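All remarks here apply to the structure that follows.
As the structure is a computational prediction, the values presented were derived from the model and not from experiment. Below, chain A is the first sequence line, B the second, and so on; all start at residue 1.
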Amino acid sequence: MQNRSIVQIIQEKVAQCLASEFNFTIEPNDVVVNETKKEFDGEYTVVIFPFVKALKMSPPQIGEKLAAALINGSDIFKNSNLVAGFLNLEMSDSAWQTELLRVSQDESFGVFPKNGKKIMIEFSSPNTNKPLHLGHVRNILLGVSSALIYEALGYEVIKTKIINDRGIAICKSMYAWEHYSNGETPESSGIKPDHFVGKYYVKFNEILNEEYSNWQKSDNANALIETKGAQAHREDFFKKYKNNYFNEYSQIGSATKQMLLDWEDNKEETIALWKKMNNWVYAGFDETYAKMGVNFDIIYYESETYKLGRKYVEEFVEKGLFYREEDGSIWIDLEDVNLDKKILLRSDGTSVYMTQDIGTAKQRYEDYGIDSMVYVVADEQNYHFKALFEILKRMGEPYSEALFHLSYGMVELPTGRMKSREGTIVDADDLIAEVISEAENSVKEKGGLEELTDDQKSNIYKQIGLGALKYHMIKVNPKKKMIFDPKESVDMQGQTAPYIQNAFVRFKSIERKLGELKTDIDYSAYTLHPLEKDLIQSISKYPEIVKEAGQQFDPSALANYSYNLAKQFHKFYQELRIITAESEEAKQFRIALGTEVAKVLEKAMGLLGIEMPERM
RNA sequence: GGUCUCGUAGCUCAACUGGAUAGAGCAGCUGCCUUCUAAGCAGCAGGUUUCAGGUUCGAGUCCUGACGGGAUCACCA
């Protein structure tokens with residue numbers, strides 16, 4: 001990127017005038033320049049209030065003098081008006097022309113120079129016992145777009161996921177498959193392999209539930225109810241007791257736990273089964289990732305990282321940062337920063353979640369020498385990450401000031417939270433298939449693509465359907481929990497990706513009709529329409545939006561920006577002619593303007609992982 | 001109960017991080033296709049920003065309290 005934007009120039013002029021007229025020094029960046037509200041004349045507004053105190057003058061006094069100085073001192077201002085403490089500035093046509101030219105000549109507009117820094121972004125991070133669902137989709141979209149945004153900001157980005165491939169959950173699927181599948185495989189059943197494994201996870205729970213409800217009628221259970229005095233609320237009691245039952249009484253529970261022990265002992269056949277089933281899951285996941293356009297630079301497996309933190313914990317006990325309880329367990333006291341005492345190693349010497357995360361963080365730093373690290377994880381883990389970051393800080397890790405938890409709100413349905421028990425989990429593959437087929441219906445109903453090949457058409461269905469889904473999820477500020485209405489996710493009207501894509505497509509359609517372009521038309525004396533100024537103003541601020549989206553880890557800023565730009569373009573398109581414009585200057589100017597709008601739309605949506613079709 | 005977090009139109013979301021009369025979309029109602037793709041445009045209607053105080057030139061945004069949701073407080077991950 002090169003040169004200064006029109007806003008930066010205004011800030012500089014204001015700072016200069018404040019210095020020359022009032023002998024007041026201010027950094028140009030600190031001058032507040034807003035877009036002027038529609039009901040006033042002008043395009044940019046300088047807020048005077050902040051200077052009032054320092055200058056000991058009233059807002060009108062400052063405003064009038066400043067306005068006079070600005071307009072006399074430069075030909076970029078055409079006019080001004082002062083309302084209360086707001087100085088509204090009307091920019092000259094030549095200023096807008098210059099701005100459009102600047103944008104169009106900047107090959108890397110909105111792409112910042114390489115800054116030599118490495119950032120690692122962890123997202124997706126699934127368990128291997130069931131397929132991806134709606135919650136993962138939000139996570140993945142945030143991870144992907146954050147990665148793209150940081151690349152545009154000049155970082156070297158390393159995308160990673162850590163797969164939870166071990167533990168009791170996967171053993172459940174393994175157990176159920178071993179005992180109830182009759183050797184069925186994804187190939188033999190024709191089921192997508194991750195769904196296939198998920199099917200056996202469900203199967204396990206069915207069997208467990210059956211076993212449990214039988215047990216509830218047993219003498220054992222009755223005696224237990226008696227001793228706990230829970231006769232009055234039996235059902236409630238059993239609901240809460242399920243985990244205890246699994247650990248203490250259940251037949252398949254103990255068989256599954258044995259499987260986990262065998263796995264830890266590296267028992268050959270258990271490992272073989274584990275690998276077989278996990279590989280099925282990975283094959284399934286990869287299909288889903290491919291459909292969403294996701295890839296990773298490095299994958300970490302918990303089966304490999306779960307032992308990592310232990311030696312550091314021991315090391316820092318010696319340094320006095322952690323302490324050992326009498327039973328041998330190791331802790332850190334974080335109560336002085338409003339967190340609790342956290343356990344870091346169990347009394348039997350085995351690791352907990354926190355131990356692994358400490359080890360993995362150090363491992364990643366050793367692997368890549370990263371400058372910062374982002375964890376895309378739902379906000380239910382806020383507490384955990386606060387504690388983790390505090391611990392790494394106290395350990396004096398060099399990257400500990402550059403850790404960020406991209407904490408996002410849970411996805412809920414209009415009927416409430418998704419519950420596997422109630423079968424309300426929205427499956428990622430189903431959802432993707434549905435939005436694509438909805439896009440297909442919509443295109444066919446509308447017509448106009450008949451001359452394209454089947455491949456081209458199916459590609460367009462994907463671009464529209466996936467665009468709609470991705471946009472629908474990413475337009476919401478990540479921090480907020482979102483209510484996902486499946487009906488609305490396939491909408492193609494209003495604030496949606498297809499609306500934005502359509503603005504792009506409309507201009508592409510014009511481009512195709514233009515034929516050979518005359519490049520020698522001089523439109524520098526052309527008088528701009530207000531709608532054209534609006535568009536230039538919007539395009540101009542695109543780099544700032546990218547920066548903001550990155551700094552705030554908020555891709556929704558780009559989603560909203562894209563929508564507003566598309567909306568302005570649709571209005572422009574509706575009210576002004578391009579090919580049949582009133583003059584050759586107008587035509588050329590509008591083509592130049594439309595070209596830049598289309599480019600920015602494509603870039604902005606690109607940073608959200610959304611593609612633009614040429615036609616739709 | 002402790003800690004954190006959220007509360008904006010019937011619904012889903014914005015509001016440039018303290019700036020002007022709080023904006024969009026959906027849903028509802030009116031208009032606009034022999035003219036560059038109507039997945040569009042123009043318009044109507046919809047609000048005491050949960051409530052009560054405070055801070056200041058100025059508060060949806062900051063502080064205090066109340067009410068109402070959510071998350072979390074395991075030798076689970």
Side-chain angles (χ1 to χ4, degrees), chain A residues 32-37 39-40 45 47 49-50 52-53 58-59 83-86 88 127 164 166-169 243 302 306 325 327-331 338-340 343-348 350-354 356-357 378-384 386 407 409-410 412 414 417 439 442-443 445-449 464 468 472 475-477 479-485 487-488 491-503 505-514 541 544-545 548 552 556-557 559-561 563-564 567 570-571 573-581 590 594 615-616:
Chain A
V32 180
V33 177
N34 294 335
E35 288 180 16
T36 305
K37 293 232 158 197
E39 54 266 45
F40 302 101
T45 297
V47 184
F49 291 111
V52 169
K53 222 174 232 171
S58 72
V83 181
F86 299 96
N88 302 321
N127 294 341
N164 180 16
R166 67 183 199 101
I168 198 77
N243 223 20
E302 275 198 17
Y306 81 109
E325 281 288 345
D327 63 4
S329 57
I330 293 174
W331 298 74
N338 231 339
L339 300 164
D340 303 290
I343 188 160
L344 298 173
L345 272 186
R346 296 191 185 100
S347 48
D348 64 5
T350 56
S351 336
V352 292
Y353 188 30
M354 192 66 82
Q356 287 180 48
D357 274 1
D379 63 7
E380 59 187 351
Q381 294 199 39
N382 284 352
Y383 181 80
H384 171 76
K386 263 192 204 168
S407 160
M410 307 285 278
E412 293 180 13
R417 288 187 73 163
S442 200
V443 168
E445 195 178 320
K446 185 166 176 278
L449 301 185
I464 297 174
H472 187 249
K475 74 177 178 189
V476 180
N477 187 313
K479 283 190 291 226
K480 300 180 108 170
K481 77 170 183 195
M482 72 171 292
I483 311 230
F484 182 92
D485 188 339
K487 286 200 296 289
E488 286 176 10
D491 273 354
M492 315 251 163
Q493 264 103 34
Q495 191 182 356
T496 64
Y499 173 95
I500 299 165
Q501 289 169 326
N502 186 231
V505 162
R506 281 177 139 183
F507 187 73
K508 288 290 148 183
S509 173
I510 288 172
E511 276 187 335
R512 282 192 297 272
K513 293 190 164 76
L514 284 173
K541 69 181 173 189
E544 277 305 306
I545 306 289
E548 183 198 333
Q552 308 290 324
S556 75
N560 288 315
Y561 169 81
Y563 171 68
N564 286 321
K567 191 176 157 129
H570 276 304
K571 193 177 168 78
Y573 178 93
Q574 189 80 21
E575 297 203 10
L576 302 172
R577 306 265 84 209
I578 296 174
I579 296 177
T580 52
R590 285 172 196 163
R615 15 182 137 217
M616 64 193 288

Q: Looking at every strand, decide which applies to A:L576 at a 4.0 Å heavy-atom threshold: base, sugar-phosphate, or nothing.
A: base
Could you pull out the protein-nucleic contacts involving nucleotides 41-43 of chain B (nitrogen or oxygen on both sides, under 3.5 Å)?
residue : atom : partner : partner atom : Å
B:rC41  : OP1  : A:Y499  : OH           : 2.6
B:rC41  : O4'  : A:Q574  : OE1          : 3.2
B:rA42  : OP1  : A:K571  : NZ           : 2.7

Q.
Less than 4.0 angstrom between a side-chain N/O of A:R346 and OP1 or OP2 of B:rA77, yes or no?
A. yes
(Q) At 4.0 Å (heavy atoms only), tell me whether A:K479 reaches a base, stays on the sugar-phosphate, or touches nothing. (A) nothing
Q. According to the interplanar angle, ranging from 0 to 90°, do the rings of A:F49 and A:F86 count as parallel (below 30°), tilted (30 to 60°) or perpendicular (above 60°)?
A. perpendicular
Q: Determine the contact category for A:I464: base if any of its heavy atoms lies under 4.0 Å from a base atom, sugar-phosphate if only primed atoms, P, OP1 or OP2 are that close, otherwise nothing.
A: base
Q: Indicate syn or anti for B:rC4, taking the glycosidic torsion and treating anything within 90° of 0 as syn.
A: anti
Q: Please name all residues satisfying side chain to side chain contact (heavy atoms under 4.5 Å, CB included) with A:E511, sequence neighbours left out, ordered by chain then number.
A: A:F507, A:K508, A:T595
Q. If you check every side-chain atom of A:M616, which of B:rA39, B:rA77, B:rU72 has the closest atom?
A. B:rA39
Q | Integer angstrom distance from the C1' of B:rU30 to that of B:rU34 | A | 24 Å
Q. With a non-hydrogen cut-off below 4.0 angstrom, is A:R417 in contact with a base, only sugar-phosphate, or nothing?
A. sugar-phosphate
(Q) For the C1' atoms, the ones on B:rA42 and on B:rU5, what distance do you get once it is rounded to whole angstrom? (A) 41 Å
Q: Describe the nucleic acid contact of A:T45 in one word from base, sugar-phosphate, nothing, applying a heavy-atom distance below 4.0 Å.
A: base
Q | Given B:rA71, B:rA20, B:rG40, the nucleotide with the shortest approach to the side chain of A:E39 | A | B:rA20
Q. Base, sugar-phosphate, or nothing: which does A:N382 touch, judged by heavy atoms less than 4.0 Å apart?
A. nothing
Q.
Would B:rU17 be called syn or anti here, given the cut-off of 90° from 0?
A. syn
**Q.** Inter-nucleotide C1' distance (B:rG70, B:rG58), Å rounded
**A.** 33 Å
Q. Base, sugar-phosphate, or nothing: which does A:T496 touch, judged by heavy atoms less than 4.0 Å apart?
A. nothing
Q) Reading RNA chain B 5' to 3', what string of ( ), [ ], | and . shows its pairs, if Watson-Crick and G-U wobble pairs count only when both distances fall under 3.5 Å? A) (((((((..((((.....[...)))).(((((.......))))).....(((((..]....))))))))))))....
Q: Quick one: label A:K513 by what it contacts on the DNA or RNA (base, sugar-phosphate, nothing), any heavy atom closer than 4.0 Å.
A: sugar-phosphate
Q. Contact class for A:F40 (heavy atom, under 4.0 Å): base, sugar-phosphate, or nothing?
A. base
(Q) Between B:rG40 and B:rC6, how far apart are the two C1' atoms, rounded to whole Å? (A) 36 Å
Q: Walk me through it: do A:R166 and A:Y306 pass the test side-chain contact (heavy atoms from CB on, under 4.5 Å)?
A: CA-CA 9 Å; A:R166 67 183 199 101; A:Y306 81 109; 3.3 Å; yes
Q.
Taking the P atom in each of B:rA66 and B:rC4, what is the distance between them to the nearest angstrom?
A. 14 Å
Q.
When you measure from the side chain of A:R346 to the backbone of A:S329, do you find a donor-acceptor pair of N or O atoms at a distance under 3.5 Å?
A. no
Q: For A:E35 and B:rC16, give me the distance from atom CD to atom P, rounded to whole Å.
A: 12 Å
Q.
Using a heavy-atom cut-off of 4.0 Å across all strands, would you classify A:Q552 as base, sugar-phosphate, or nothing?
A. base
Q. Relative to the 5' end of RNA chain B, which residue comes earlier, A:V32 or A:N338, by the nucleotide with the nearest heavy atom?
A. A:N338
Are there any protein N/O atoms within less than 3.5 Å of an N/O atom in nucleotides 12-14 of chain B, and if so, which ones and at what distance?
residue : atom : partner : partner atom : Å
B:rC13  : OP1  : A:I483  : N            : 2.8
B:rA14  : OP1  : A:N477  : N            : 2.7
B:rA14  : OP2  : A:K480  : NZ           : 3.0

Q. Taking only residues two or more places apart in sequence, or in another chain, which ones meet A:E544 in a side chain to side chain donor-acceptor pair (under 3.5 Å)?
A. A:K547
Q: Give the nucleotide from the list B:rA20, B:rA77, B:rG40 with an atom nearest to the side chain of A:Q493.
A: B:rG40
Below 3.5 Å between N/O atoms, which protein atoms pair up with nucleotides 54-61 of chain B? Just atom names and distances, please.
none

Q) In whole Å, what separates the C1' atom of B:rG60 from that of B:rG18? A) 11 Å
Q | Nearest-Å distance for atom pair CD/C1', residues A:E412 and B:rC6 | A | 12 Å
Q) Which part of the nucleic acid, if any, lies within contact of A:N88, taking any heavy atom under 4.0 Å across all strands shown: a base, the sugar-phosphate backbone alone, or nothing? A) base
Q. Just to confirm, is there a sub-4.0 Å distance from OP1 or OP2 of B:rC36 to any side-chain nitrogen or oxygen of A:R512?
A. no
Q: For A:V52, report the nucleic acid contact type (base, sugar-phosphate, nothing); a contact means any heavy atom under 4.0 Å.
A: nothing
